[in-house]
Amino acid sequence: MSGLTYGVELTKVIHPDYARVQTLSEAKNENSVLDPSLFKWGQPERSTKELKLIASRNELTGEPWVGDRVEVEFAQSIFETVVIKDKKLILSTSVLLSMAYLSITTNPPPCLRTL
C-alpha cells in the first residue's frame, strides 16, 4: 500500500423536500402528480403537512421555470452541494485524509434530460 488514506463520498443532488415527498403514502396513489416545479432550489423547508397536501394533488399546480431558470437552479444545486460537502470534509477532524473524492449524481428536471 502507498500509506495514503483516501476518503470517498457519493451523494445525490436532489431537493430535500422532493426526496421527502416521494416517500409519503399520499405520493403512492396512482393519481398523484408530484410537480417538480414546487420544489425549486433555495426554498425554505416545508412541513410534513404541506408535503402531504402536495402529494395528494392530481395535476400540475406550480409555476413553470421561465428563461434560464432551469439551468440557473441546476447549477446552484450543484454548487451548494459541493460547498456543503467541502465544509463537512474540512470540519471532519477525526480522519486525516491524504486524498478526498466527491462523486455527485443528479436527477435533472425532465426539461433538461433531453439536452
Side-chain angles (χ1 to χ4, degrees):
M1 272 312 219
S2 65
L4 299 177
T5 305
Y6 295 90
V8 178
E9 180 167 350
L10 308 174
T11 191
K12 182 174 185 176
V13 177
I14 184 170
H15 191 287
D17 283 343
Y18 192 59
R20 285 178 51 216
V21 76
Q22 293 178 44
T23 67
L24 299 174
S25 59
E26 291 83 354
K28 309 292 188 217
N29 179 332
E30 66 181 47
N31 295 323
S32 177
V33 175
L34 297 180
D35 187 346
S37 71
L38 296 174
F39 302 95
K40 292 188 167 79
W41 204 264
Q43 288 181 324
E45 184 178 332
R46 289 187 169 98
S47 68
T48 301
K49 183 178 178 179
E50 289 174 293
L51 293 178
K52 285 182 176 186
L53 178 64
I54 290 169
S56 65
R57 294 179 182 157
N58 59 6
E59 62 184 11
L60 299 173
T61 58
E63 293 183 27
W65 283 280
V66 178
D68 65 352
R69 288 305 309 158
V70 172
E71 295 87 351
V72 169
E73 282 187 45
F74 184 72
Q76 181 184 6
S77 70
I78 299 296
F79 177 78
E80 287 182 15
T81 300
V82 170
V83 168
I84 289 168
K85 296 297 179 178
D86 186 54
K87 284 180 184 177
K88 285 183 180 180
L89 179 65
I90 291 170
L91 293 176
S92 175
T93 56
S94 60
V95 178
L96 296 175
L97 302 173
S98 304
M99 302 288 284
Y101 297 93
L102 174 61
S103 178
I104 298 175
T105 61
T106 63
N107 195 17
C111 53
L112 277 183
R113 292 182 194 149
T114 58
L115 295 178

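Quick note: numbers below take in every heavy atom, side chains included, and nothing from hydrogens, waters or symmetry partners.
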Student: Cluster partners of V83, using ILVMFWY side-chain heavy atoms under 4.5 angstrom, listed by chain and number?
Tutor: F79

Student: Give every donor-acceptor pair under 3.5 Å between a side-chain atom in residues 47-55 and any protein atom, sequence neighbours left out.
Tutor:
residue: S47; atom: OG; partner: E50; partner atom: N; Å: 3.1
residue: S47; atom: OG; partner: E50; partner atom: OE1; Å: 3.3
residue: T48; atom: OG1; partner: R20; partner atom: NH2; Å: 3.2
residue: E50; atom: OE1; partner: S47; partner atom: N; Å: 2.8

Student: Checking side chain to side chain contact (heavy atoms under 4.5 Å, CB included) for the pair R57/V33: CA distance, chi angles, key distance, verdict?
Tutor: CA-CA 6 Å; R57 294 179 182 157; V33 175; 5.8 Å; no

Student: Could you list who else is in V66's hydrophobic cluster, with ILVMFWY side chains joined at under 4.5 Å, directly or through other members?
Tutor: none

Student: Indicate yes or no for a side-chain donor-acceptor contact from N58 to the backbone of S32 under 3.5 Å, with no hydrogens or angles considered.
Tutor: no

Student: Go through the structure and list residues passing salt bridge (Lys or Arg N to Asp or Glu O under 4.0 Å) with E9, not counting sequence neighbours.
Tutor: K85

Student: Where does the angle between the aromatic ring planes of Y18 and F39 fall among parallel (under 30°), tilted (30 to 60°) and perpendicular (over 60°)?
Tutor: tilted

Student: Can you confirm whether T11 sits close enough to T105 that some side-chain heavy atom of one is under 4.5 Å from a side-chain heavy atom of the other?
Tutor: no

Student: Report yes or no: do V21 and I14 belong to one cluster of Ile/Leu/Val/Met/Phe/Trp/Tyr joined by side chain heavy-atom distances under 4.5 Å?
Tutor: yes

Student: Determine, using the 4.5 Å side-chain heavy-atom cutoff (strictly less than), whether V13 and V82 are members of one ILVMFWY cluster.
Tutor: yes

Student: Find the distance between NE2 (H15) and CD (E73) and round it off to the nearest 0.5 Å.
Tutor: 8.5 Å

Student: Given side chains that start at C-beta, do those of L10 and Y101 come closer than 4.5 Å, heavy atoms only?
Tutor: no

Student: D86 and K88: side chain to side chain contact (heavy atoms under 4.5 Å, CB included), yes or no, with the steps?
Tutor: CA-CA 5 Å; D86 186 54; K88 285 183 180 180; over 6 Å; no

Student: Can you tell me which residue pairs pass the salt bridge (charged side-chain N to carboxylate O under 4.0 Å, His left out) test with a partner in residues 24-35, sequence neighbours excluded?
Tutor: none

Student: Treat each ILVMFWY residue as a node, draw an edge where side-chain heavy atoms are under 4.5 Å apart, and state whether L34 and L24 are in one component.
Tutor: yes

Student: Looking at residues at least two apart in the chain, or sitting in another chain, which of them share a side chain to side chain contact (heavy atoms under 4.5 Å, CB included) with V72?
Tutor: D68, R69

Student: Is a donor on one side and an acceptor on the other found under 3.5 Å between the side chain of Q43 and the backbone of K40?
Tutor: yes

